[in-house]
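Atoms within each ligand, like the ligands themselves, are counted from 1 in listed order. Values in this document were obtained by computation on a predicted structure and should not be read as measured data.
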Amino acid sequence: MKVRDCDEGDLIARFVNVLPQGERTIVGSGDDCALISCPEPSFLVTTDTLVGESHFLKAWSTGAEIGARAAAQNLADIAAMGGRTSALVVSLVLRGDYDVDWLVDMVQAFGQRAREAGAGVVGGDLTGGEELIISVTAHGWVDGPPVLRSGARPGDIVAIAGTLGRSGAGLELLSRRIVDPSVHDDILLGDFAEAVRIYRAPEPPLEAGPIAARHNAHAMMDVSDGLVRDGGRMARASEVMLEIDSSLLADDVEALDAAAQACGHHAMEWVLFGGEDHPMLATFPPQVVLPSPFRAIGVIGAVSPGDQPGIRLDGQRLSGGFDHFRQDNS
Ligand SMILES: Nc1ncnc2c1ncn2[C@@H]1O[C@H](COP(=O)(O)OP(=O)(O)OP(=O)(O)O)[C@@H](O)[C@H]1O
Ligand SMILES: Cc1ncc(C[n+]2csc(CCOP(=O)(O)O)c2C)c(N)n1
Ligand SMILES: [Mg+2]
C-alpha cells in the first residue's frame, strides 16, 4: 500500500500504534498539543532536521535505519547537556508514492530508540512534498546543572565517549561503491560493518551525558560536524585551546584501518573531520578519575596573548569539518 492510498488519520493511527508513550506524558498524540510533566523548574529543548539526499539516501538505508538516525541525533543533543529526553515530536514531509510498510518501519525504529532512552513520541505533523524530510523536536530535563559548551577551563582533561570517524568512513565506502548499498548484513559487510552501520544509524552513548554531569564535567557537546569543527566551537565558547594528542586517537584510527586501505584514505582524516557519530565530547577537571565510557584525548590549554581560541593536534592548529553551505567539507 502507498501513502496516497491512505488518509492522514489512517497513517497517524498506524504510527501511534508503534510509538512509546513515555513516563512523563500526561496527554500524548491526538490533541492540539501533548502535555508533558516537568517537575524541574526548567526543561531542555532542541530540534534537528534530516533531509533525504543531504543526510541519507533511501537507496542506501532502510526505513528503520533512517528512523533510528533521526531519533539518535536528537537524543544525543539532550544527552550532551547532561540530560534525559522526556518527549519527542516528529514532523514528516512525505511523497504519495512511499510504501506505507516502509514508513511504519521508519516510525517504529524511531520509536524504539526513543523507548530505549525512556522517552515518549507524543506527536508530530504530516505534510506532502517532494523530498523526504524528518524534523524532530526533543524535550528533556537535567538533574542538577546542565553541562554547557562554554565551561571548559585550562588544565581540564578533554575526553570522548563513543566512536569517532565511523560515520564518515561509512559514507565514503557507500559513496564510492566499495560497499554495495543494498547490503545490510554485518557478516557480509565484514571489516566495514561498524562504519556502515554507524553511518546509517548512529549509536551515541546517551548514558554518557548524565554520567559526565554527575562527575562534574565542565563542558560537553555531541560531535555532529566533526571533532575539529565542533571542538573549535567548544573552544570559542569557552575561550580556550583544545590540545588533542594524536596518540590518544590511535584506537579510532586503527578501527578504520580496513576502510582506509580500501578507500586509499588516511583514517585520521575521518577521525578528525568526519561528523555524525555523535559521541560526547566533554572536559573534566584535572583531578577527576574519568568515568566510563569516557577516554582522554587531550587537555585544555589557555589561549596565548594575541592568539585565538581553537583546536590543535600535537600543537598544530586545525580547521575544517562539515558545513552545509561551504565547499571545504573535509
Ligand atoms: N534557524 C535558527 N535560528 C536560531 N538558532 C539556530 C537556528 N539554527 C541553529 N540555531 C542554533 O545554533 C546552535 C548550533 O546549531 P546546530 O544545528 O549546529 O546544532 P548542533 O547541536 O551544533 O549540531 P547538531 O544539530 O548537528 O547536533 C544551536 O544552539 C541551535 O539552536
Ligand atoms: C547522503 C549523505 N551525504 C552527506 C552526508 C554528510 N553529512 C550530512 S549532514 C552532516 C553533518 C551534520 O549535519 P546537521 O548539522 O544537519 O545535523 C554530514 C557529515 C550524509 N550524512 N549523507
Ligand atoms: Mg549537538
Could you check whether Ser91 and Ser135, counting side-chain N and O atoms only, form a donor-acceptor pair closer than 3.5 Å? no

We want to know whether His278 and Glu203 form a side-chain donor-acceptor pair, criterion being a heavy-atom distance below 3.5 angstrom. no

Does an N or O from Asp225, backbone or side chain, lie closer than 3.5 Å to an N or O of ligand 1? no

Using a 4.0 Å cutoff against the non-hydrogen atoms of Asp48, which atoms of ligand 1 qualify? 24 (P), 25 (O), 26 (O), 27 (O)

Sub-4.0 Å protein heavy atom next to atom 8 (N) of ligand 1: no

Mode of Asp222 contact toward ligand 1 - side chain, backbone, both, neither (heavy atoms, under 4.0 Å): side chain

Protein heavy atoms near atom 5 (N) of ligand 1, is at least one of them under 4.0 angstrom away? no

Distance below 4.0 Å between atom 29 (O) of ligand 1 and any protein heavy atom? no

With respect to atom 6 (C) of ligand 2, which of Gln73, Glu276, Arg69 exhibits the smallest heavy-atom separation? Glu276

Using 2.8 Å as a strict upper limit, say whether an N, O or S atom of Asp222 approaches the Mg ion (ligand 3) that closely. yes

Residue part near ligand 2, for Ser54, under 4.0 Å between non-hydrogen atoms: backbone

Might you check, step by step, whether the distance between atom 25 (O) of ligand 1 and some protein heavy atom is under 4.0 Å? yes

Please list the nearest protein heavy atom to atom 17 (O) of ligand 2 with its residue and the distance rounded to 0.1 Å. Asp48 OD1, 3.6 Å

Quick one: does NZ or CZ of Arg69 land under 6.0 Å from the six-membered ring centre of Tyr199, within 45 degrees of the ring axis? yes

For side-chain contact (heavy atoms from CB on, under 4.5 Å), just list the numbers for Met234 and Thr283, CA-CA rounded to whole Å, side-chain angles, deciding distance to a tenth of an Å, and then say yes or no. CA-CA 10 Å; Met234 178 180 279; Thr283 81; 3.8 Å; yes

Protein heavy-atom partner closest to atom 27 (O) of ligand 1 - residue, atom, separation in Å: Asp77 OD1, 3.0 Å

Within 45 degrees of the ring normal and closer than 6.0 Å to the centroid, is that where the cationic atom of Lys2 sits relative to Trp102? no

Interatomic distance, His184 atom NE2 to Arg200 atom CZ [nearest 0.5 angstrom]: 4.0 Å

Do Arg233 and Asp225 have side chains that get closer than 4.5 Å, going by heavy atoms? yes

Does a donor on one side chain sit under 3.5 Å from an acceptor on the other, for Gln112 and Glu116? yes

Side chain, backbone, both or neither: Glu53 near ligand 2, heavy atoms under 4.0 Å: backbone

side-chain contact (heavy atoms from CB on, under 4.5 Å) between Met241 and Asp307, intermediate numbers included: CA-CA 10 Å; Met241 195 66 84; Asp307 205 356; 3.5 Å; yes

Which one of His324, Arg149, Met234 has a non-hydrogen atom at the shortest distance from atom 22 (O) of ligand 1? Arg149

Would you say the Mg ion (ligand 3) has Asp48 as a near neighbour, meaning an N/O/S atom of that residue under 2.8 Å away? no

Any protein heavy atom under 4.0 Å from atom 1 (N) of ligand 1? no

Verify the distance criterion only: is there a donor paired with an acceptor across the side chains of Asp222 and Ser224 at less than 3.5 Å? no

I'd like to check which ligand 2 atoms, numbered from 1 as shown, lie under 4.0 Å from a non-hydrogen atom of Leu171. 2 (C), 3 (N), 4 (C), 5 (C), 6 (C), 22 (N)

Which ligand 1 atoms does Ser224 reach within 4.0 Å, using its non-hydrogen atoms? 23 (O), 24 (P), 26 (O), 27 (O)

Between His324 and ligand 2, is there a nitrogen or oxygen pair with a distance under 3.5 Å? yes

Ligand 2-proximal atoms of Arg200, by part, heavy-atom distance under 4.0 Å: neither

Got the closest protein heavy atom to atom 12 (C) of ligand 2, with its distance? Asp225 OD1, 3.2 Å

So the atoms of ligand 2 within less than 4.0 Å of a heavy atom of Ser224 turn out to be 11 (C), 12 (C)

Considering only protein heavy atoms, which is closest to atom 22 (N) of ligand 2, and at what distance to one decimal place? Tyr199 OH, 2.9 Å

Derivation of the side-chain contact (heavy atoms from CB on, under 4.5 Å) call for Val100 and Asp5: CA-CA 9 Å; Val100 171; Asp5 303 320; over 6 Å; no

Could you check Arg214 against Asp143 for salt bridge (charged side-chain N to carboxylate O under 4.0 Å, His left out), going step by step and ending with a plain yes or no? CA-CA 9 Å; Arg214 280 202 301 281; Asp143 296 315; over 6 Å; no

Check whether any side-chain N or O of Arg317 sits under 3.5 Å from a backbone N or O of Ile311 as a donor-acceptor pair, and report yes or no. no

So, for atom 16 (P) of ligand 1, does the protein have a heavy atom nearer than 4.0 Å? no

Heavy-atom side-chain contact between Val136 and Val89 under 4.5 Å: no

So for Thr47 against ligand 1, with non-hydrogen atoms under 4.0 Å, the contacting part is neither

Test item: Glu65 side-chain N/O and Thr62 main-chain N/O as donor-acceptor pair under 3.5 Å: yes

Atom of Asp77 closest to the Mg ion (ligand 3), considering N, O or S atoms: OD1

Output yes when a side-chain donor or acceptor of Ser150 lies under 3.5 Å from a complementary backbone atom of Ser238, and no otherwise. no

Below 3.5 Å, N or O to N or O, backbone or side chain included: is there any such pair between His55 and ligand 2? yes

